[in-house]
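Step one of this worksheet: look at the structure below.
A, B, ... follow the sequence lines: proteins, then strands. Residue 1 opens every chain. All values derive from a computational prediction rather than experimental measurement.
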Amino acid sequence: MKYKTLKGFQDILPPDILIWQNIETISRDVFRTYGYQEIRLPILESTDIFVRSIGETSDIVEKEMYTFQDKGGRSVTLRPEGTASFVRAYVEHHLYNHPAPQKYYYMGPMFRYERPQAYRYRQFYQIGAEAMGVEDPKLDAEIISMLTKILSGIGLKELNFELTSIGCKNCRPDYRDALKNFLRDKLNSFCSDCQRRYDLNPLRILDCKVPDCISSRQGAPQVIDYLCADCKKHFDGLRHYLDILKVPHSITPNLVRGLDYYTKTAFEVTSESLGSQKAVAAGGRYDGLVDEFGGPPTPGIGFAIGMERIIPLIKDSMKPSEGPDLFICCMGQYAYEEALALAEQLRARRLWVEINYDDSSLKSQMRKGNRIGAKHVIVIGEDEVRNEVAVIKDMITGTETQSRLEAQELVKIIKAGS
RNA sequence: GUGAGUGUAGCUCAGCCGGUUAGAGCAUCUGACUGUGGCUCAGAGGGUCGGGGGUUCGAAUCCCCUCACUCACCCCA
């Protein structure tokens, strides 16, 4: 094969595309009821937008970005995630001048140059939401509740909802120090990855799956115990409101986020039936990011759902089957002329109509009507054209009904049958 | 970037101790049934056996290299 998609990229074809559309429709409907409006952002941005927000030492920036020079010599990057672009747009269009909270959602592709594996692609799709301008945990609870509504609306079951607070720029350094102090003298009992993480991102040691590391980190200090008064109050408030909204959740203190901009609330939704890449959605609060982009200090919170992660979970239950409302079999030249015109009239009445295009036998045409899943088939030949009457066959029940060769009556029969 | 596994028809796979023209099921198309689908039967089309090199009289099969895919690590939606 000469040409094929790039590694980690994929075509999405029918009938799978119907599942995608279905998920998008359900999501839009939930967003609408919570007052979230769609925003469409460019896929390509200036590189420093991501470097500044995601963090220079994060894995995404260090090794996963699709970065290149455009013809003007500028460094540009295919977006690896949505929030940075969104905040850029929020500041650029002075959206902070509108009444808070400002609520937006987006859906579209993201790009990360990673080694592909199960449920992980280099171009992957996210449905994301961002809410700006409210610091109160009531908003956190609401957006999290909305996320669970979307996921359950899509039909996902048995998900784990993990929640924590990772503090703010005031209390997180204290925790980081406490953790490093705890780890310092027992570092050689950790794996080589963890020893590297010690300087780079010590919080991630808490997430390591190596058994020795798990036992060695027993008794390590937890973020939650180091939250400042403000962060603690926020976190307690969030848990209270989540209880009121009956959003089931578990506290996972060592939940680690890969992006530098998160503050306070961080959460992740996972599925055990996925394999190694099991996060289906994740998000958190980013109260310093607008500031960072040159806007007025504005709190924000958001999440993103990974399309490729949720589709395998619902593929079996969401099996769309579609076929034409009517397939027209034609015998002879006059019949084709009649059929073409008739098809147009029926399509104008919102029916999906297919006609046969070659002079194959009636049997072969019927077979085709059946194969493509037509709900009804009509045969038009010389007699039918002359008498303006034809037999329309219901392909599910097999019953035949006589009808005048005329759009209105045909529509009535077809709609009654389906 | 690291490690392991797999590459034969559109799809799922058999064939692999080397041996005539590379198979099956499903799918597609046609016919049996000259104007009525599904079931059945018959037939047809569709392959550089991932690519290159080597061993050999002879390679899908054995050896080397390479590419692609998959899974896992790292990390993440």
Side-chain angles (χ1 to χ4, degrees), chain A residues 1-2 4-10 13 54 57-65 79-83 107-128 147 151 191-194 196-197 200-201 204 207-210 255-259 267-271 274-284 302-313 323 327 329-332 335 356 358 360-384 390-400:
Chain A
M1 211 171 304
K2 198 170 176 186
K4 48 192 307 189
T5 53
L6 295 171
K7 184 200 284 284
F9 288 69
Q10 59 172 346
L13 308 171
I54 298 168
T57 60
S58 68
D59 269 55
I60 292 178
V61 169
E62 274 191 343
K63 51 184 205 190
E64 294 174 2
M65 294 209 302
R79 61 180 184 190
E81 58 108 31
T83 301
M107 14 185 101
M110 309 294 163
F111 303 84
R112 289 183 202 171
Y113 194 86
E114 299 179 271
R115 192 79 164 257
Q117 73 188 71
Y119 318 117
R120 188 166 77 185
Y121 301 88
R122 288 183 171 178
Q123 175 176 339
F124 58 100
Y125 288 78
Q126 289 188 338
I127 297 177
L147 171 59
L151 295 175
C191 69
S192 57
D193 279 330
C194 281
R196 189 171 49 82
R197 286 169 181 139
L200 225 63
N201 188 353
R204 196 163 286 289
D207 200 33
C208 186
K209 298 169 198 91
V210 177
L255 187 67
V256 177
R257 307 274 70 226
L259 310 168
F267 53 91
E268 193 165 284
V269 184
T270 61
S271 165
L274 268 185
S276 169
Q277 312 301 324
K278 59 181 186 174
V280 300
F303 66 76
I305 301 169
M307 284 292 267
E308 291 84 352
R309 301 273 170 90
I310 58 178
I311 283 170
L313 298 174
F327 181 75
C329 299
C330 300
M331 308 294 288
N356 192 63
D358 51 33
S360 45
S361 68
L362 180 60
K363 180 172 200 65
S364 149
Q365 294 189 43
M366 286 297 293
R367 192 181 285 158
K368 176 180 272 182
N370 183 53
R371 291 281 167 81
I372 65 177
K375 297 183 185 77
H376 301 268
V377 169
I378 189 168
V379 179
I380 301 179
E382 277 180 37
D383 292 348
E384 285 81 2
V391 168
I392 176 166
K393 180 167 185 172
D394 184 316
M395 294 296 275
I396 295 148
T397 62
T399 55
E400 298 189 336

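A gap of 15 Å separates the C1' atoms of B:A24 and B:G47, to the nearest Å. B:C13 and B:G1 are spaced 34 Å apart, taking the C1' atom of each and rounding to whole Å. Spacing of P atoms, B:U6 relative to B:C75, comes out at 28 Å, to the nearest Å. Atom P of B:G50 sits at a distance of 8 Å from the matching atom of B:A9, rounded to the whole Å. To the nearest whole angstrom, the two P atoms, one in B:U8 and one in B:U70, are 14 Å apart. Taking the P atoms as reference points, B:A60 lies 7 Å from B:C49, given to the whole Å. Between B:C69 and B:A22, the distance separating the two C1' atoms is 23 Å to the nearest Å. Comparing the C1' positions of B:G37 and B:C29 gives a spacing of 15 Å, expressed to the nearest Å.
Both tests pass for A:R122 against the ring of A:Y113: distance under 6.0 Å to the centre and angle within 45° of the axis.
Contacts of A:Y119 with the nucleic acid, taken as non-hydrogen atoms under 4.0 Å apart, include base atoms. Using a 4.0 Å heavy-atom distance criterion, A:K7 is classed as a sugar-phosphate-only contact. No contact: A:Y113 has no heavy atom under 4.0 Å from any strand. Contact annotation for A:R122: no contact, since no heavy-atom pair falls under 4.0 Å across all strands. Residue A:E384 is classed as a base contact, given a heavy-atom separation below 4.0 Å to a base. Nucleic acid contact class of A:R204 (heavy atoms, under 4.0 Å, all strands): sugar-phosphate only. Residue contacts for A:R115: at a heavy-atom cut-off of 4.0 Å it reaches a base atom on one of the strands shown. A:V280 comes within 4.0 angstrom of sugar-phosphate atoms only, judged by non-hydrogen atoms across all strands, and of no base. As judged by a 4.0 angstrom heavy-atom cut-off over every strand, A:G398 is placed among the base-contacting residues.
An OP1 or OP2 oxygen of B:U30 is reached within less than 4.0 angstrom by no side-chain nitrogen or oxygen of A:S361. Proximity of A:Q277 to the phosphate of B:A77: no side-chain N or O atom is located under 4.0 Å from OP1 or OP2. Between A:K363 and the phosphate of B:G31, there is no side-chain N or O to OP1/OP2 separation shorter than 4.0 Å. Within the structure, a side-chain polar atom (N or O) of A:S276 is placed less than 4.0 Å from OP1 or OP2 of B:C73.
Across every strand in view, B:G19 sits in a pair with B:C57 that passes the Watson-Crick or G-U test at under 3.5 angstrom. Look at B:A72: its Watson-Crick or wobble partner, with both distances under 3.5 angstrom, is B:U2. In a base pair of the Watson-Crick type (N1 to N3 plus N6-O4 or O6-N4) or a G-U wobble (N1-O2 and O6-N3), with each distance short of 3.5 Å, B:C11 is matched with B:G25. Within the shown strands, B:U40 is the pairing partner of B:A32 under the Watson-Crick or G-U definition, both distances less than 3.5 Å. Across every strand in view, B:G46 sits unpaired, with no contact that passes the Watson-Crick or G-U test at under 3.5 angstrom.
With hydrogens and angles ignored, the 3.5 Å screen pairs a side-chain donor or acceptor of A:R120 with a backbone N or O of A:R115.
When distances are taken from the side chain of A:S364 to each of B:A77, B:U36, B:G31, the shortest belongs to B:G31. When distances are taken from the side chain of A:R367 to each of B:G35, B:A77, B:G37, the shortest belongs to B:G37. Of the candidate nucleotides B:G38, B:C73, B:C76, B:C76 has the atom lying nearest to any side-chain atom of A:R112. Nearest nucleotide to the A:E400 side chain, out of B:A77, B:C74, B:U36: B:U36. Side-chain proximity of A:M331 to the nucleotides B:G37, B:G35, B:C75 is greatest for B:G35. Nearest nucleotide to the side chain of A:K63, out of B:C74, B:C71, B:A77: B:C74.
No more than 12 heavy-atom neighbours from other residues, nucleotides or ligands sit within 6.0 angstrom of CD on A:E382.
Protein atom CE of A:M65 is 17 Å distant from nucleotide atom C1' of B:G1, rounded to whole Å. What separates CE of A:M366 from C1' of B:U36 is a distance of 4 Å, to the nearest Å. Distance A:L147 CG to B:A77 C1': 12 Å, rounded to the nearest Å.
To the nearest 0.5 Å, the span separating CD1 on A:I305 from CG on A:L151 amounts to 5.0 Å.
Using a 4.5 Å cut-off on side-chain heavy atoms (C-beta onward), A:Y125 and A:P109 make contact.
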side-chain contact (heavy atoms from CB on, under 4.5 Å) assessment of A:Y119 paired with A:E308 | CA-CA 6 Å; A:Y119 318 117; A:E308 291 84 352; 5.5 Å; no
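A:A374 approaches A:F327 most closely through the heavy-atom pair CB-CB, 3.7 Å.
For A:R371 against B:C29, no side-chain N or O and base N or O form a donor-acceptor pair under 3.5 Å.
Screening A:V377, A:N370, A:N356 for a side-chain contact (heavy atoms from CB on, under 4.5 Å) involving A:Q365 leaves a single residue, A:N356.
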